[in-house]
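Worksheet for the structure shown next.
Order of the sequence lines sets the chain letters (A, B, ...), proteins ahead of strands, with each chain counted from 1.
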There are 2 protein chains.
Amino acid sequence: MLSITEENYIKHILSLDLESSSNLGVGTNELALSLSVKPSSVNVMLKKLREKALIEYEKYGKIQLTEKGRLFGMTIIRKHRLWETFLYQKLDFTWDEVHEVAEQLEHIQSVKLVEKLDKFLGFPKIDPHGDPIPTEKGEIKIASKLFLSEIQTGKKCKMVSVKDNSAVFLKFVQELGLSINNEIEVLSKLDFDESIEISVNNQKSRVSKKFAQNICVILSDKN
Amino acid sequence: MLSITEENYIKHILSLDLESSSNLGVGTNELALSLSVKPSSVNVMLKKLREKALIEYEKYGKIQLTEKGRLFGMTIIRKHRLWETFLYQKLDFTWDEVHEVAEQLEHIQSVKLVEKLDKFLGFPKIDPHGDPIPTEKGEIKIASKLFLSEIQTGKKCKMVSVKDNSAVFLKFVQELGLSINNEIEVLSKLDFDESIEISVNNQKSRVSKKFAQNICVILSDKN
DNA sequence: AAAATTTGTTAGATTAATCTAACTTTATTA
DNA sequence: TAATAAAGTTAGATTAATCTAACAAATTTT
Ligand SMILES: [Mn+2]
Ligand SMILES: [Mn+2]
Ligand SMILES: [Mn+2]
Ligand SMILES: [Mn+2]
């Protein structure tokens, strides 16, 4: 049995690992930044997690999850995304509100609860942000996706998910009339600041590079 | 903002207070027993809770909740009972399973979540064990109820709730075919061990005094 | 009222998780 | 390669929550 703190360490290691396509492992400072704690705190915790056989790690080396650690992390992400789906679909939360509450709910310990919740929701495959929900066995389907910022001028694509989960970002996405499965056309790119002009539902908007780097898409068949 | 530990102290003080009809306040040892910690640990915490204006307490005196503390405790009990109702009604948990999970869920911090959950459940008035759910303002209707052990031989009564919430007890209640709103007739009492013979749904059973002290009833109109 | 029992308190130690400040190792740049 | 910067580690302090063991106050019994 892990403490909530330990669970969060494992979850952040896994998340950083999944983000960075390379399998090189996670760094101490990187993890500290992600968890909003100091590197020295991470260093202390790493020794404990290694003791519990959740990570592989040696002095000055990179952090890697063991199979046990990876499975553990997956169940936390699974719970997080199932709860987000519950809040969104059943309790009418908006998609910018669910993340914060799910950060708490993901730590509730009850295997039966997760199973029953999954069934109650009709075994959803993605959460309100378009992210895949891992199976009970910790399997996850990582769809090959691009960022909106990588799409060439003139091409059409479909929004599949968002990277950032902050309320400010998500509210702005919604203001633009953008949501999961929407078709987006890249009309033009401005070299000056790398901003992008897009068209969604026959509505034109200009968005920053940073914004476009947080919208995940797949290329449309219509290209 | 309170820690989960502090929340549990407040909840237990309130629960003990509600149980013991008298308004004399709670004792250190009593609270320690209820929380499964040592009296010395309680003593340390009492100073902190007093500092935060949640309790009134002086050396060697009894513990009393302030209005602020009482309201806080009520919202925790409210959350606990709403979650129990959710687990029972929506996720098909059995009534002996809900308490343990609700012990965790009651600490989730989100005013909006409680409101939405309450609405989703259709504003329930009692939880699966027959206990009243406090309102948002911390109001609670304490129905004048008796214990089955107090009912005279020959009288009929209606089960309104259970006192004990342990799985072993609740499973046994169910085995006897007993549930909320059932009519119970007290057929006889045995002086030797104070056990009671009852009839429920035309089925006779003999139960111990301790058992009867954990079944809450009201006298039936039919007497 | 004295003795015994129950109830409550204090001091000092322990554990988990964090921090700051100083230090060391590794990587990058000149 | 030597200097500089970045990344990572260690030691020692802090805070919350707990414990044990010794003590003190209040209550009950004799
Ligand atoms: Mn989220
Ligand atoms: Mn999500
Ligand atoms: Mn309960
Ligand atoms: Mn209950």
Side-chain angles (χ1 to χ4, degrees), chain A residues 1-13 16-17 19-20 22-65 69 72-73 76 103-104 106-107 109, chain B residues 1-13 16-17 19-20 22-65 69 72-73 76 103-104 106-107 109:
Chain A
M1 183 119 302
L2 301 190
S3 70
I4 290 180
T5 307
E6 290 168 323
E7 287 198 351
N8 277 328
Y9 272 83
I10 296 297
K11 185 185 67 162
H12 278 82
I13 294 168
L16 290 171
D17 226 18
E19 272 175 41
S20 78
S22 76
N23 282 13
L24 299 172
V26 177
T28 304
N29 288 2
E30 192 187 359
L31 181 54
L33 191 69
S34 175
L35 285 161
S36 302
V37 298
K38 301 295 167 188
S40 57
S41 304
V42 169
N43 197 270
V44 173
M45 182 61 90
L46 291 182
K47 289 163 189 167
K48 210 199 307 182
L49 296 177
R50 181 178 50 193
E51 213 47 49
K52 296 192 176 185
L54 295 161
I55 62 169
E56 273 164 35
Y57 155 76
E58 48 193 288
K59 245 194 191 183
Y60 296 105
K62 294 292 181 185
I63 308 156
Q64 303 241 208
L65 287 174
F72 221 103
I76 300 167
E103 287 286 325
Q104 297 178 62
E106 72 191 4
H107 300 293
Q109 304 281 10
Chain B
M1 184 120 301
L2 301 190
S3 70
I4 289 180
T5 307
E6 290 169 324
E7 287 197 353
N8 277 329
Y9 272 83
I10 296 297
K11 185 184 68 163
H12 278 82
I13 294 168
L16 290 171
D17 226 18
E19 272 175 41
S20 77
S22 76
N23 283 13
L24 299 172
V26 177
T28 304
N29 288 2
E30 193 187 358
L31 181 54
L33 191 69
S34 174
L35 285 160
S36 301
V37 297
K38 301 295 167 187
S40 57
S41 304
V42 169
N43 197 271
V44 172
M45 182 60 89
L46 291 181
K47 289 164 189 166
K48 211 199 307 181
L49 296 177
R50 181 178 50 194
E51 213 47 49
K52 296 191 177 186
L54 294 161
I55 62 169
E56 274 163 35
Y57 155 75
E58 48 192 289
K59 243 193 193 184
Y60 296 105
K62 294 293 179 183
I63 308 156
Q64 303 241 205
L65 288 173
F72 222 104
I76 301 168
E103 287 287 325
Q104 298 177 63
E106 72 191 4
H107 300 293
Q109 304 280 10

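- When the side-chain nitrogen and oxygen atoms of A:K47 are compared with OP1 and OP2 of D:dT10, one or more of them lie within a distance under 4.0 Å.
- In terms of the side-chain hydrogen bond (donor to acceptor under 3.5 Å, both in side chains) criterion, A:D17 has no residue partners (sequence neighbours excluded).
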Exercise for review: May I have the step-by-step check of side chain to side chain contact (heavy atoms under 4.5 Å, CB included) for A:L31 and A:L46, ending in yes or no?
Suggested key: CA-CA 10 Å; A:L31 181 54; A:L46 291 182; 4.3 Å; yes
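- Across the protein-nucleic acid pair, A:E58 atom CD and D:dA7 atom P stand 20 Å apart, rounded to whole Å.
- Take B:L33 and apply the side-chain contact (heavy atoms from CB on, under 4.5 Å) test, not counting sequence neighbours, and it matches no residue.
- For the atom pair A:Y9 OH and A:L54 CG, the distance stands at 13.5 Å (nearest 0.5 Å).
- By the side-chain contact (heavy atoms from CB on, under 4.5 Å) test, B:S22 pairs with B:S20, B:L24, sequence neighbours left out.
- The stretch residues 28-42 of chain A touches DNA chain D through A:T28, A:N29, A:P39, A:S40, each having a heavy atom under 4.0 angstrom from the strand.
- Whole-Å rounding puts the B:I4 CD1 to C:dA16 P distance at 18 Å.
- Atom pair A:L24:CG and C:dA27:P shows a separation of 12 Å (rounding to whole Å applied).
- Residue A:K62 places at least one side-chain N or O under 4.0 Å from the OP1 or OP2 atom of D:dG8.
- Atom NZ of B:K59 is separated from atom P of D:dA25 by 8 Å (rounded to the nearest Å).
- The phosphate of D:dG8 (OP1 or OP2) has no side-chain N or O of A:N43 nearer than 4.0 angstrom.
- The distance between atom NZ of A:K52 and atom C1' of C:dA16, rounded to the nearest whole Å, is 10 Å.
- Residue pairs meeting the salt bridge (Lys or Arg N to Asp or Glu O under 4.0 Å) criterion with at least one member in residues 2-11 of chain B, sequence neighbours excluded: B:E6-B:K48, B:E6-B:K52, B:K11-B:E103, B:K11-B:E106.
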Do any N or O atoms of the protein come closer than 3.5 Å to N or O atoms of nucleotides 23-25 of chain C, and which pairs are they?
from	atom 1	to	atom 2	distance (Å)
C:dT25	O4'	A:Y60	OH	3.3

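- The side-chain heavy atoms of A:T5 and A:M45, taken from C-beta on, include a pair separated by under 4.5 Å.
- To the nearest angstrom, P of D:dA16 lies 16 Å from CE of B:M1.
- Under the rule for a side-chain contact (heavy atoms from CB on, under 4.5 Å), the partners of B:S40 that lie at least two apart in sequence or sit in another chain are B:K38.
- One atom, OH of B:Y9, and another, P of D:dA16, lie 14 Å apart when rounded to the nearest Å.
- To the nearest 0.5 Å, atoms CG (B:L65) and CD (B:E56) are separated by 9.5 Å.
- Applying the 4.0 Å criterion to OP1 and OP2 of C:dT9, one finds that B:Y57 has a side-chain N or O inside that range.
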